[in-house]
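For reference, the structure discussed in these notes is given below.
Reminder, nothing fancy here: chain letters follow the sequence lines and each chain counts from 1.
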Number of protein chains: 2
Amino acid sequence: MITIKDVAKYAGVAPSTVSYALSGKRAISEKVRRRIERAVSELGYVPNAQAHNLRLGLSRTIAMVHPPNEIMLEGTSIDFITAAAEALEASHTLSLMPYSKTADKLLEAFQQRRIDGLILMHIARHDERIEALKASNYPFVLIGRTEYTEGLNLVDFDFEEAAYLAIKHLVELGHRRIGYLDLASHERAEGLGYAFYMQQGFERAQAEFGIQLIRQEAGRRNTDSYKATQTLIGQEKKLTAIVALLGATYLGILRALHDAKKHVPQDCSLVCLGSAAAARWTIPSITTLDNQLSDLGKIAAELLLERLAGNLEAKQVLLPAQLVRRESTAAPSS
Amino acid sequence: MITIKDVAKYAGVAPSTVSYALSGKRAISEKVRRRIERAVSELGYVPNAQAHNLRLGLSRTIAMVHPPNEIMLEGTSIDFITAAAEALEASHTLSLMPYSKTADKLLEAFQQRRIDGLILMHIARHDERIEALKASNYPFVLIGRTEYTEGLNLVDFDFEEAAYLAIKHLVELGHRRIGYLDLASHERAEGLGYAFYMQQGFERAQAEFGIQLIRQEAGRRNTDSYKATQTLIGQEKKLTAIVALLGATYLGILRALHDAKKHVPQDCSLVCLGSAAAARWTIPSITTLDNQLSDLGKIAAELLLERLAGNLEAKQVLLPAQLVRRESTAAPSS
DNA sequence: TTGTACGCGTTATCAG
DNA sequence: CTGATAACGCGTACAA
């Protein structure tokens, strides 16, 4: 292993001179610089990043805490993570940390100087991890929201608006009996932010449009949405539309409607969360509230970089919900 | 920041004694051990991982090189990466590296001592990166295969068998005019392993069953498979089945068949690559060659850990293709 | 059973 | 413009 000392010896200078020549942090005579450059290339010297970071007290690493697959919203694409990695490129590397409910592992990673910052997702309204991190003053960014967000850096999708827009769209088409899929109660108990805001949006819509939505518990997978849809249409014969905003589980819903001989949108309209990449191609194609998951990753990374650069102002980005109308919604047949 | 010296001073011992007490690498008297433990907890000492690693000459990090999203097979789920991260847990952290065609960035990461090992994917048959890594002797594992695999650690899905089984299944049902979607020629030029092995499988099936398959270029996205399917059924009126093994692009295919008023499987059978999580729920559900992407990530990580533990024997794991019959395949109507 | 001294590779500081 | 020295925090051979 070639070290800076080897280069210094070879070039007949002091190690510190080599360091300065390479970093450009102070002026070096042309003659010496050339000798050093030759030494570097002839010996094949590559600076040791660990020693460098130790000296600087940094790790140039930021970690993303990924929930276990069972609780990820189905269909979450890999570009959610790679978008974050690419946004950091050059300046930091992105590492993955397994999820844990408590903050101890997270704090430890900071204390061990293994990470300079953290991106958290799957945020609960009262999140123990975040209380602890706030107290510690380490840099972190949320993908999601807690109840009290003052002073927090975060980016989130506007689930409240998404839920509201979904109902508004259906009401404007003439629907009155609308069902929606919600998290299972044991999951709701976790107080996940997106479930909460979605609920808020539904309530706003109920009040504004004077209707009563029908709630049905489900889960995050197609198999859950399939069963939940069966239950829903079994119990509510007059239902004319379904909204499902938790994960891209429309295949299960479409299948359940199909198996029950209900045509979409003639017998039942459908609005889902989803991205154009998939929702455009189903039969029928699905009216969605588009979620740009990769944008969440990218923006989270950018917010964190700003924070690490010393900008202490808390920024909160709410990605707007946008309804894209496709074939799955129409006026209810009378 | 609390260092080992602070602890030593506080406990009234030498730093090395603290180090030994914590690592257990030599016997410590009960009395001193207790003093040290108290000091550690009272001061809140956490060892600095960077200094530790610098001393040991390790990074305890392994990197996964992810291709840009444009060339990832569509529908690649996030658990492909998280499965790898979890397989490493505790002993190493997983970091992500952006893709580059040449090996220089990869070698540099090793030389900078930022990584102890590497997981590569999106492997070409003649892959410049791999030649360079082989020569360098750094530990790495492939998800995929090159032409010459001696001495390489790798895990791959058996695309050859998958292609063969797809055709075999269709032939046994009575199909003779079968089309398949392939990569676009400019992508084939890259010589990706999976495209090659798939081709091999098709050729074996052609020879064995005495038929001529109809090739159609496509891409990795639903929008590509949609167009390709249109072209294919436009040109080959007698076609009775389609096979598509590159990415989970069945939605585009189903939609193209639907738009052309072809019923699946009555007018055209369909076999795809896919996972039960999605293929079960389409209408009709799709006969697939199941790919366990998360297994690929997990196994790659495990192979690398073995290699890092000193096991130099090259292991090559080929995940078997398994055909799961669903609603999209049936005998051709005469 | 414990302490001393040195090295890992880098960079900031101070002196020249 | 350049060099010597100390320090970042830790692990371990050697000495006691």
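Heavy-atom distances under 4.0 Å link DNA chain D to B:Lys25, B:Arg26 of residues 25-36 of chain B, given in residue order. For the contact set between residues 43-54 of chain B and DNA chain D, defined by any heavy atom under 4.0 Å, the members are B:Tyr45, B:Pro47, B:Asn48, B:Ala51, B:His52. Applying a 4.0 Å cut-off to non-hydrogen atoms, the residues of residues 4-11 of chain B that approach DNA chain D are B:Ile4, listed by residue number.
With sequence neighbours excluded, the residues forming a side-chain contact (heavy atoms from CB on, under 4.5 Å) with B:Arg125 are B:Glu147, B:Phe196, B:Tyr197, listed by chain and number. Under the side-chain contact (heavy atoms from CB on, under 4.5 Å) criterion, A:Thr61 pairs with A:Ser59, A:Thr93, A:Ser95, A:Ile115, not counting sequence neighbours. Residues that satisfy the side-chain contact (heavy atoms from CB on, under 4.5 Å) test with B:His52, not counting sequence neighbours, are B:Leu56.
In this structure, A:Glu302 contributes its side chain and A:Ala87 its backbone to no donor-acceptor pair below 3.5 Å. The main-chain N or O of B:Leu303 is never found under 3.5 Å from a side-chain atom of B:Asn153 such that the two would form a donor-acceptor pair. Of the possible donor and acceptor atoms, none in the side chain of B:Arg60 sits under 3.5 Å from a partner among the backbone N and O of B:Asn53.
Contacts of B:Ser19 with the nucleic acid, taken as non-hydrogen atoms under 4.0 Å apart, include base atoms. Among the atoms of the strands shown, only primed sugar atoms or phosphate atoms (P, OP1, OP2) are found under 4.0 Å from some heavy atom of B:Thr3.
For the pair A:Leu305 and A:Ile62, the minimum side-chain heavy-atom distance is 4.5 Å or more. Between A:Glu190 and A:His122, some side-chain heavy-atom pair lies under the 4.5 Å cut-off. Using a 4.5 Å heavy-atom threshold, the side chains of A:Pro47 and B:Gln112 count as separate.
Residue pairs meeting the side chain to side chain donor-acceptor pair (under 3.5 Å) criterion with at least one member in residues 41-51 of chain B, sequence neighbours excluded, are B:Tyr10-B:Glu42, B:Arg38-B:Glu42.
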Which donor-acceptor pairs under 3.5 Å do side chains of residues 16-24 of chain B form with protein atoms, sequence neighbours excluded?
{"unit_1": "B:Ser23", "atom_1": "OG", "unit_2": "B:Ser19", "atom_2": "O", "d": "3.2"}
{"unit_1": "B:Ser23", "atom_1": "OG", "unit_2": "B:Lys25", "atom_2": "N", "d": "3.2"}

Kindly list each side-chain donor-acceptor pair under 3.5 angstrom involving residues 98-105 of chain B, sequence neighbours excluded, with atom names and distances?
{"unit_1": "B:Ser100", "atom_1": "OG", "unit_2": "B:Thr102", "atom_2": "O", "d": "3.1"}
{"unit_1": "B:Thr102", "atom_1": "OG1", "unit_2": "B:Asp104", "atom_2": "OD1", "d": "2.8"}

Between side-chain atoms of residues 135-146 of chain A and protein atoms elsewhere (two or more places apart, or another chain), which donor-acceptor pairs fall under 3.5 Å?
{"unit_1": "A:Ser136", "atom_1": "OG", "unit_2": "A:Leu133", "atom_2": "O", "d": "2.7"}
{"unit_1": "A:Ser136", "atom_1": "OG", "unit_2": "A:Tyr138", "atom_2": "N", "d": "3.3"}
{"unit_1": "A:Arg145", "atom_1": "NE", "unit_2": "A:Asp156", "atom_2": "OD2", "d": "2.9"}
{"unit_1": "A:Arg145", "atom_1": "NH2", "unit_2": "A:Asp156", "atom_2": "OD2", "d": "3.4"}
{"unit_1": "A:Thr146", "atom_1": "OG1", "unit_2": "A:Tyr148", "atom_2": "O", "d": "3.1"}

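For A:Lys9, the NZ atom is loosely surrounded, since the number of other residues' heavy atoms within 6.0 Å does not exceed 12.
Read 5' to 3', the first and last nucleotides of DNA chain D with an atom closer than 4.0 Å to a heavy atom of chain B are D:dG9 to D:dC14. Contacts between chain B and DNA chain C, taken as any atom within less than 4.0 angstrom of a protein heavy atom, begin and end at C:dT1 to C:dC8.
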Verdict with reasoning, B:Arg307 to B:Glu313, per salt bridge (charged side-chain N to carboxylate O under 4.0 Å, His left out)
CA-CA 8 Å; B:Arg307 169 70 177 75; B:Glu313 173 198 8; over 6 Å; no
